[in-house]
**Student:** 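For reference, the structure I am asking about is given below.
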Amino acid sequence: MTTPIAYFLVVSAALFTIGTVGVMVRRNALVIFMSVELQLNGVNLALVAFSRLHGNLTGQVLTFFSMVVAAAEVVVGLAIIVYVFRRRRTANVDDLAVLRW
Amino acid sequence: MTEAVWLVPALPLLGFVVNLFAGRRLGRAAGWLGTLAVGAAAAIAVAVGLDVLAQPAEERTTVVHLFDWIRAGAFTVNVDLRVDQLSVLMILVVTVVGALIHLYAIGYMEGDPRFGRFFAYLNLFVFFMLLLVLAENLLVLYVGWEGVGLCSYLLIGFWFERTAAANAAKKAFVTTRIGDTFMLVGIALVFLRLGSLDLSTVLDPAIEGVQPSGVFTVIALLLFGGAIGKSAQVPLHVWLPDAMEGPTPVSALIHAATMVTAGVYLVVRTHLFFEISGVALIVVLVVGLVTALYAALSALGQDDIKRVLAYSTVSQLGFMFMAAGMRAYSVAMFMLAAHACYKALLFLSAGSVMHGTHDETDLKRMGGLRRRMPWTAGVAVLGALSLAGVFGLAGYFAKDEILVVASETGRTAVWLLGTLGALLSALYIGRLVFLTFLGDARSAEAEHAHESPTVMLVPLVVLAVGAVGLGVLMLDPDTGLVPTFLEPVLGAVPHGSAGVGSAALIVISQVVALGGLGVTWLAYASGRVDWLALRLRAAPLQRFLSQGMHVDDVYASVVVAPAKAGSAFLAYVVDARLVDGIVNAVGRLVQGLAGVGRRVQTGLVRTYALAFLVGALALLVYVGVRA
Amino acid sequence: MSADQIVFWVFAPISIGSAIAILLQRNAVHAALFLIVNFFTIAVFYLVLEAPFLFAVQIIVYAGAIMVLFLFVIMLLGVDRDEVLTERIPWQRPAAILIGIGVFAELVVAIRAGVGFSAKGPEAFAETANRGGNTEALARALFRDYFLPFEATSVLLIVAAVAAMMLAARHRRAITPAEQEALAAEPEMAEVAP
């Protein structure tokens with residue numbers, strides 16, 4: 001491997017940033033959720049890159065667990081979105097502004 | 001028995017408490033309960049008096065300790081009761097006359113919706129008055145002083161739905177307050193300069209050397225200031241005529257027999273200060289004389305039956321202060337007792353007349369009531385004769401003794417003016433009784449008047465007995481029962497040999513009294529003089545006198561109007577705009593801030609996410625900079 | 001230019017490009033598809049970083065299960081209709097972009113300070129960390145050193161499954177005549193109606 005690890009880290013930072021912006025900019029709940037997944041993947045990439053940098057498998061193990069948790073989270077999150085959609089007939093988070101002044 | 005003297009004020013206090021809480025349920029019994037409380041107190045007072053008489057003359061002063069009240073370092077005040085000749089005389093007057101008036105009130109106030117509360121207030125008043133006269137400590141006396149002022153306010157304004165009554169109560173309270181303030185300063189000065197407020201300490205003749213006489217002058221004048229307010233002397237007399245808005249038993253009890261005499265009691269009790277001062281005594285004499293004449297003149301011009309009696313009270317109190325100012329304290333006290341009898345009698349008769357004519361008070365609309373109300377007329381005439389000073393009746397032994405002292409001690413001017421006052425007294429009281437009871441009825445109410453019930457007549461008769469026969473206690477200023485009884489406390493009545501001699505004095509006084517009565521009989525009752533035409537001719541004078549020589553109006557423009565303007569300014573400008581403005585501004589500020597601040601809660605997830613990330617970014621930057 | 005460098009420089013733009021494309025899609029299904037592309041590129045990166053097991057798991061779990069689930073829900077709810085472009089919250093977009101730039105800059109600075117742009121990692125990664133192959137090495141680490149978290153995640157998965165079932169369950173109740181009328185008017189809501 002001749003690519004400096006920092007390049008992977010920069011890509012991961014970029015993915016994380018794009019995910020962050022996506023959370024703030026999009027209104028569709030599902031797309032926001034997808035942005036969060038993007039953030040998680042960016043972090044996973046960074047973990048694996050660090051694992052390669054330090055020469056042990058800790059980062060990969062953490063990535064493994066991160067994937068498991070992300071899967072569980074997606075399941076529950078989507079169930080919530082379905083539930084909310086059934087009640088309010090909308091997936092637009094701007095329409096769910098009830099706890100306001 | 002002297003040890004049980006605390007029962008004397010305690011029983012009316014108990015009556016007050018019971019009537020306060022259970023008065024409505026008791027109904028008419030509340031009146032009997034109140035009367036019984038004061039009556040029992042009177043019985044005990046008599047027992048205490050007999051006990052005191054049983055002691056030898058030098059050992060008749062007892063101090064009964066009740067409880068410790070204030071302990072503040074050097075300043076200690078105990079609630080003690082002083083039983084001596086003077087206080088015994090006062091409690092007898094207060095309780096006996098008080099009980100009779102309570103009895104009368106049962107009939108007079110019948111049907112009133114607040115019947116029970118009336119008797120509660122009356123009992124409370126009697127309690128405070130007894131506390132005042134039995135007090136061994138000046139501060140306790142002041143408590144009683146204020147208490148009777150409070151009850152006076154409550155009772156004058158008893159029918160508070162009437163604006164006139166409510167205003168009169170306020171006026172009484174505020175005016176006496178002015179006097180009370182002087183008195184409080186005087187009491188403070190007593191403590192500061194003489195070291196104690198206990199009568200046993202400060203009324204010891206040895207106190208004279210403690211301070212220069214100027215201090216005593218100031219103290220005496222300040223205390224007299226309180227007396228001027230409470231006893232309605234010039235210039236603080238203006239509240240008493242208006243106080244007639246209250247029910248007649250109130251006028252009789254408070255504004256004739258007891259509360260207004262508290263000032264006389266105070267001066268007599270603390271006469272040592274006045275004597276050390278010298279100047280203060282002269283002031284007392286002058287104030288008494290001026291008041292006696294001014295009030296007698298004003299009484300002559302009144303048309304309201306109760307206002308005549310009110311001004312008469314002011315005038316008679318002036319006579320009492322005159323006596324005190326001439327060091328004839330026993331005479332002043334006897335006049336206090338006699339006045340209590342015949343003035344209460346006259347007030348209750350007036351009340352009886354009002355009761356019988358459905359609350360008519362205008363003298364011009366009365367007349368001929370002796371046929372319809374014979375008992376009332378009879379006792380009222382007796383009271384009037386006593387007041388005028390007809391020989392043998394109680395009033396003669398009181399008022400004329402004062403004139404004798406004035407003449408004998410060489411105060412010719414005082415004697416002359418006093419005799420003029422006696423003439424005026426005979427004139428106004430004659431006018432009152434003759435216009436009311438003699439002649440022909442001048443209105444429908446007078447024609448159809450009815451006599452009062454027995455419960456109201458019995459006290460009238462008893463008081464008439466007192467008004468007539470009380471003189472037996474004061475046949476001679478040196479050997480009479482009352483002066484000798486009071487002498488250890490109040491000293492002997494001054495004597496002299498100036499003036500025209502005692503026989504001439506008696507003749508002059510009777511000429512004045514009978515002459516005055518005769519003139520008024522001629523004018524008002526005989527039908528030979530057209531008094532209505534006379535009245536029309538002298539209308540400006542009559543108006544001037546009936547307005548109390550416009551003293552009230554002067555006060556209204558000089559004192560009341562600026563005070564009202566000042567308080568209006570404070571209320572509507574300072575309070576409403578400034579203070580409320582600040583408070584409201586604070587509220588509006590908070591509202592404004594909250595209105596701006598609440599916009600943070602948008603309810604939108606995305607703005608919250610934005611906020612998170614701003615914070616996270618800041619944190620990251622901070623960590624990064626640190627590292 | 002060695003093989004891994006070529007792979008990196010080809011797939012890095014694809015990765016970032018597809019990520020940006022997600023943000024710009026109005027249609028949710030299109031966005032999901034771009035995300036799948038992104039996951040594939042990340043999987044390739046795992047391969048380059050000598051983590052073949054994760055390469056496989058990424059494709060199977062993320063692209064194969066999670067995104068399928070996403071697409072399923074999108075289609076079920078019918079929210080693939082185009083989203084309106086206008087932003088109603090003032091300053092939201094500029095602020096978001098600013099924060100994004102800030103975060104990215106901060107991370108790059110941190111990377112520079114912490115790792116440096118030249119570090120490459122040990123050469124003998126295959127012999128030392130990945131001894132016996134990546135899968136076996138990972139299993140060794142997982143079932144020995146990280147056994148407790150492993151068991152905990154199994155519990156987590158069960159809990160998540162149960163929670164999803166409870167949340168998404170349809171509580172059948174009698175359909176009122178009013179609801180019947182509404183259903184008759186809009187038949188396509190039948191699947192989603194309670």
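Below, chains carry the letters A, B, ... as their sequence lines are ordered, and counting in each starts from 1.
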**Student:** Checking A:V93 now: which residues fulfil side chain to side chain contact (heavy atoms under 4.5 Å, CB included) with it, not counting sequence neighbours?
**Tutor:** A:A29, A:I32, B:R606
**Student:** Can you tell which of A:V10, A:N41, A:N56 has the highest number of heavy-atom pairs within less than 4.5 Å of chain C?
**Tutor:** A:N41
**Student:** Could you go through the side-chain contact (heavy atoms from CB on, under 4.5 Å) check for C:L156 and A:V69 one step at a time?
**Tutor:** CA-CA 8 Å; C:L156 172 70; A:V69 171; 3.7 Å; yes
**Student:** Measure the acute angle between the ring planes of A:F8 and C:F8, then classify it against the limits of 30° and 60° as parallel, tilted or perpendicular.
**Tutor:** perpendicular
**Student:** Show the nearest heavy-atom pair for residues C:A51 and A:Q60, with the distance to one decimal.
**Tutor:** CB-NE2, 3.4 Å
**Student:** Quick check: closest heavy atoms across C:L157 and A:A72, and the distance to 0.1 Å?
**Tutor:** CD2-CB, 4.2 Å
**Student:** Tell me, for C:M67 versus chain A, whether the close heavy atoms (under 4.5 Å) come from the side chain, the backbone, both or neither.
**Tutor:** side chain
**Student:** Yes or no on side-chain contact (heavy atoms from CB on, under 4.5 Å) for A:F64 and C:Y146, after CA distance, side-chain angles and deciding distance?
**Tutor:** CA-CA 11 Å; A:F64 179 83; C:Y146 297 99; over 6 Å; no
**Student:** At their closest point, which heavy atom of C:L23 faces which heavy atom of A:G22, and how far apart are they?
**Tutor:** CD2-CA, 3.0 Å
**Student:** What part of A:L30 lies closer than 4.5 angstrom to a heavy atom of chain C: side chain, backbone, both or neither?
**Tutor:** both
**Student:** Are C:V115 and A:F50 close enough that some pair of their side-chain heavy atoms sits under 4.5 Å apart?
**Tutor:** yes
**Student:** Heavy-atom cut-off 4.5 Å, strictly under: side chain, backbone, both or neither for C:V7 against chain A?
**Tutor:** neither
**Student:** Can C:Q58 and A:N44 be counted as having a side-chain donor-acceptor contact under 3.5 angstrom?
**Tutor:** no
**Student:** Quick one: does C:N38's side chain get under 4.5 Å of A:M34's, heavy atoms only?
**Tutor:** no
**Student:** Between A:F33 and C:F70, how do the two ring planes meet: parallel, tilted or perpendicular, split at 30° and 60°?
**Tutor:** perpendicular
**Student:** Could you give me the CA-CA distance, side-chain angles and deciding distance for C:L54 and A:M67, then say whether side-chain contact (heavy atoms from CB on, under 4.5 Å) is met?
**Tutor:** CA-CA 10 Å; C:L54 285 173; A:M67 283 186 192; 4.0 Å; yes
**Student:** Given that the side chain runs from C-beta out, which part of C:I16 has a heavy atom under 4.5 Å from chain A: side chain, backbone, both or neither?
**Tutor:** both
**Student:** Is a side-chain donor or acceptor of C:D4 paired with a backbone partner of A:T3 at a separation under 3.5 angstrom?
**Tutor:** yes
**Student:** Check whether any side-chain heavy atom of A:V25 sits under 4.5 Å from a side-chain heavy atom of C:I97, and report yes or no.
**Tutor:** no
**Student:** Could you have a look at A:L45, A:T63, A:V23, A:V11 and say which one has the most heavy-atom pairs with chain C under 4.5 angstrom?
**Tutor:** A:L45
**Student:** Would you check if the side chain of A:R26 reaches a backbone N or O of C:I22 as a donor-acceptor pair within less than 3.5 Å?
**Tutor:** yes
**Student:** What's the shortest heavy-atom distance between C:L138 and A:L57, and which atoms?
**Tutor:** N-CD1, 3.7 Å
**Student:** Does any backbone or side-chain atom of A:Y7 lie under 4.5 Å from a heavy atom of chain C? Answer side chain, backbone, both or neither.
**Tutor:** both
**Student:** For a quick test of reading the model, state the closest non-hydrogen atom pair linking C:G100 to A:V21 and the distance between them.
**Tutor:** CA-CG2, 3.8 Å
**Student:** Pull out the residues in residues 104-114 of chain C that come under 4.5 Å of chain A, heavy atom to heavy atom, sorted by number.
**Tutor:** C:F104, C:L107, C:I111
**Student:** So, for A:N28 and C:A28, which heavy atoms are closest and what is the spacing to 0.1 Å?
**Tutor:** ND2-CB, 4.0 Å
**Student:** Please classify the contact of C:Q92 with chain A as side chain, backbone, both or neither, using a heavy-atom distance under 4.5 Å.
**Tutor:** side chain
**Student:** Within this structure, what is the CD1-CG distance for the pair A:I80 and C:L167, rounded to the nearest 0.5 Å?
**Tutor:** 5.5 Å
